[in-house]
**Q** 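Provided herewith is a single structure, encoded as structure tokens, for subsequent inquiry.
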Amino acid sequence: MDRSFSLHIEQQFPFLMGKKLLLACSGGVDSVVLAHLLYEEGFTIGLAHCNFSLRGMESDEDETFVNSLSKKWEVPFYSEQFDTETYAQEHKLSVQMAARELRYRWFDTLLKEEPYDYVLTGHHADDDLETFFINLSRGTGLKGLTGIPVLNEKVVRPLLNFSRDQLMTYAKAHGLYWREDSSNAKSDYLRNRLRHEVIPPFKEATKTALKNFHKTQANLRGSQALIDDYMTLIQNLVLSKTEEGYKIQIEKLRELPNTKALLYELLSPFNFTAWGDIMDLLEGQSGKKVFSSSHRLIKDRDFLLLTEHPSDTLVDTYYLAEGTSEIEEPIYLRFEDVERFEITNAHTVFVDKESLSFPLVLRRWEEGDVFHPFGMQGKKKLSKYFKDEKLSLIAKENTWVLCSDNDIVWVVGLRLDERFKVEKSTAHILKIVYNPQ
């Protein structure tokens with residue numbers, strides 16, 4: 001394996017040559033073998049160990065073991081202890097997903113703070129096969145079957161071409177010691193059940209099962225690359241960027257074949273899973289919504305609007321004292337006393353300062369709000385004004401109003417109120433500028 005690993009690095013990972021590499025080392029046979037291979041090849045490495053505090057003393061002994069390896073090879077050692085179970089509960093994650101988040105977040109921090117170019121992990125061919133079966137059993141698209149990525153930004157997995165048996169043979173041949181994770185012997189988790197009960201008979205069915213699996217994955221990756229190229233064209237046809245997120249044109253989407261598959265490819269990066277509900281949005285009423293763990297999709301007339309979840313911590317009302325010159329939250333406004341006024345537009349208004357009662361109130365608009373649109377006689381419901389202006393649901397949601405007492409002075413970024421305009425008799429003019437940034 002020594003020579004085959006050297007050739008593999010030269011051919012597939014030439015960008016690692018001469019770089020400083022941080023190795024994620026659990027103490028298991030895979031990461032120990034990778035560490036030994038890199039050490040023997042003369043790479044500059046450091047060992048990073050995550051103690052997830054899930055197995056009591058055994059977890060601490062793993063950390064001690066990896067530390068001893070670093071001393072033996074005279075390479076830097078980094079360790080971090082996590083309260084994984086608490087993190088999982090607080091973030092409503094499985095323990096496995098919590099550990100993964102904590103692990104890679106810490107690696108990102110180390111790359112910023114320490115002089116390393118890449119993080120290397122010991123994932124091997126059997127891990128890749130297990131991940132394939134996990135995704136297959138849970139229901140996934142093509143991308144979920146293409147396997148663990150060899151390179152993901154700064155994370156490199158150079159052992160994916162090698163099997164667990166090859167790693168074990170190498171470890172024994174070189175007299176290496178490693179730690180066995182007792183939890184791997186249990187069948188509590190899906191991965192362990194697959195590892196012990198499903199994959200062994202699958203590999204025994206034919207001696208070339210693992211090799212054929214790699215060929216299949218290579219074909220799947222090729223197919224996914226074709227889809228990615230096609231989706232670039234589709235995105236240019238139906239998708240457009242907005243201030244709040246993205247907008248999908250429903251009619252243009254419908255004109256294309258395989259609408260459901262297209263929606264899957266468009267939206268799966270945003271963690272959506274309720275594909276039936278998403279298809280229903282195409283025929284649904286405006287305002288209907290579907291949520292993922294991170295985003296929401298809203299039907300708005302002829303469009304689907306995609307945005308991140310709005311923050312639940314936003315303050316809805318702000319009070320602005322007389323003399324305030326500038327605010328940056330929740331939106332940017334600048335106030336300036338001026339001697340003359342210019343033409344009013346959407347982002348700059350001039351008001352009669354003596355008609356204002358301080359403190360002014362900046363708040364989100366509410367159902368039932370009424371104002372007197374500048375240049376018009378009489379009043380108008382804000383909801384009707386939005387409809388006439390054809391504002392999207394997201395734009396309405398992000399609209400703020402500046403008020404004096406209970407009267408709207410300015411629908412910010414849209415229309416001044418007629419009652420506060422500058423007249424010939426106005427003695428004090430206040431200029432207000434909105435910057436949507």
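Below, all heavy atoms of this structure are taken into account, side chains as well, without hydrogens, waters or symmetry copies.
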**Q** Looking only at non-hydrogen atoms, find the nearest pair between Arg103 and Cys50 and report the distance.
**A** CG-SG, 3.8 Å
**Q** Looking only at heavy atoms, what is the nearest atom pair of Lys289 and Gly287, with distance?
**A** CG-O, 3.3 Å
**Q** For a 4.5 angstrom cut-off between non-hydrogen side-chain atoms, does Gln96 reach Arg100?
**A** no
**Q** Pairing donors with acceptors under 3.5 angstrom, does anything connect the side chains of Asn51 and Asp60?
**A**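 Asp60 and Asn51 do have a side-chain donor-acceptor pair below 3.5 Å.
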**Q** So do Arg363 and Val401 actually touch side chain to side chain, heavy atoms under 4.5 Å?
**A**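 Yes. Closest side-chain heavy atoms under 4.5 Å.
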**Q** Which atoms form the tightest heavy-atom contact between Ser294 and Asn271, and what is the distance?
**A**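 So the minimum-distance heavy-atom pair works out to OG-ND2, 2.7 Å.
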**Q** Atom NE2 in His8, atom CG in Leu159: separation rounded to 0.5 Å?
**A** 7.5 Å
**Q** Salt bridge (Lys or Arg N to Asp or Glu O under 4.0 Å) between Lys203 and Asp126: does it pass, once the steps are laid out?
**A** CA-CA 10 Å; Lys203 292 168 67 175; Asp126 290 76; 2.6 Å; yes
**Q** Any side-chain to backbone donor/acceptor pair from Ser31 onto Ser26? Under 3.5 Å, distance only.
**A** yes
**Q** Should Glu342 and Thr348 count as side-chain neighbours, where that means a heavy-atom distance under 4.5 Å?
**A** no
**Q** Ignoring hydrogens and angles, tell me if any N or O in the side chain of Ser292 forms a donor-acceptor pair with the backbone of Phe270 under 3.5 Å.
**A** yes
**Q** Using modelled atom types and a 3.5 Å cut-off, is there a donor and acceptor pairing between side-chain atoms of Ser53 and backbone atoms of Phe82?
**A** yes
**Q** What residues form a ring-ring contact (aromatic ring centres under 6.0 Å, His included) with Phe335, not counting sequence neighbours?
**A**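 Here no residue qualifies.
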**Q** Do Val33 and Phe162 touch side chain to side chain, with heavy atoms closer than 4.5 Å?
**A**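 Heavy-atom side-chain distance check fails, nothing below 4.5 Å.
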**Q** Can a donor-acceptor pair be found between the side chains of Asp228 and Gln224 at a distance below 3.5 Å?
**A**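 The answer is yes; a qualifying pair exists.
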**Q** Is it true that a side-chain atom of Asp128 and a backbone atom of Ile148 form a donor plus acceptor pair closer than 3.5 Å?
**A** yes
**Q** Just by distance, do the side chain of Arg157 and the backbone of Thr121 share a donor-acceptor pair under 3.5 Å?
**A**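 Not a single qualifying donor-acceptor pair exists.
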**Q** Got Phe272 and Leu263 here, is their nearest side-chain heavy-atom distance under 4.5 Å?
**A** no
**Q** When you look at Lys112 and Asp108, which way does the salt bridge (Lys or Arg N to Asp or Glu O under 4.0 Å) test go after all the steps?
**A** CA-CA 6 Å; Lys112 293 173 183 176; Asp108 286 341; over 6 Å; no
**Q** So do Leu304 and Leu267 actually touch side chain to side chain, heavy atoms under 4.5 Å?
**A**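 Leu267 does not reach Leu304 side chain to side chain.
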**Q** Can you see whether Glu101 engages Tyr87 through a side-chain donor-acceptor pair at a distance of less than 3.5 angstrom?
**A**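 Yes, Tyr87 and Glu101 have a side-chain donor paired with an acceptor closer than 3.5 Å.
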**Q** Do the side chain of Asp300 and the main chain of Leu393 share a donor and acceptor less than 3.5 angstrom apart?
**A**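 A pair under 3.5 Å: yes.
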**Q** Is the side chain of Asn236 donor-acceptor paired with the backbone N or O of Leu233 at a distance under 3.5 Å, no angle test?
**A** no
**Q** Check His49 against Ser59 and note the closest heavy-atom contact, atom names and distance.
**A**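 His49 and Ser59 have their closest heavy atoms at NE2-O, 4.3 Å.
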**Q** Identify the heavy atoms of Asn135 and Gly144 that sit nearest to each other, and give their distance.
**A** ND2-O, 2.7 Å
**Q** Fit a plane to each ring of Tyr116 and Tyr78, take the angle between them on a 0 to 90° scale, and name the class: parallel (under 30°), tilted (30 to 60°) or perpendicular (over 60°).
**A**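 Rings of Tyr116 and Tyr78: perpendicular, as their planes differ by over 60°.
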**Q** Is there a donor-acceptor pair under 3.5 Å between the side chain of Trp365 and the backbone N or O of Lys396?
**A**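 Pair found, side chain donor or acceptor close to backbone of Lys396.
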**Q** Before giving the answer on salt bridge (Lys or Arg N to Asp or Glu O under 4.0 Å), spell out for Lys252 and Glu255 the whole-Å C-alpha distance, their side-chain angles and the decisive distance to 0.1 Å.
**A** CA-CA 5 Å; Lys252 287 188 177 180; Glu255 292 171 0; over 6 Å; no
**Q** Restricting to non-hydrogen atoms, name the atom on Pro115 and the atom on Lys20 that form the minimum distance, rounded to 0.1 Å.
**A**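 Shortest heavy-atom contact: O-CD, 3.0 Å.
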**Q** Check whether more than 12 heavy atoms from other residues, nucleotides or ligands sit under 6.0 Å from atom CG of Asp229, and answer yes or no.
**A**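 Counting neighbours around CG of Asp229, more than 12 heavy atoms of other residues, nucleotides or ligands fall under 6.0 Å, so yes.
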**Q** Less than 6.0 Å separating the ring centroids of Tyr118 and Phe15?
**A**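 Yes.
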**Q** Hey, do the aromatic rings of Tyr170 and Phe5 have their centres closer than 6.0 Å?
**A**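 Tyr170 vs Phe5: aromatic centres not under 6.0 Å.
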**Q** Can you find a pair of side-chain heavy atoms, one from Thr324 and one from Leu360, that are under 4.5 Å apart?
**A** no
**Q** Verify the ring-centre separation between Trp400 and Tyr434: is it less than 6.0 angstrom?
**A** no
**Q** Can you check whether Tyr246 reaches Lys241 side chain to side chain, under 4.5 Å on heavy atoms?
**A**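 Contact flag for Tyr246/Lys241 side chains = yes.
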**Q** Checking Lys431 against Phe350: charged group under 6.0 Å from the ring centre and within 45 degrees of the axis?
**A** no
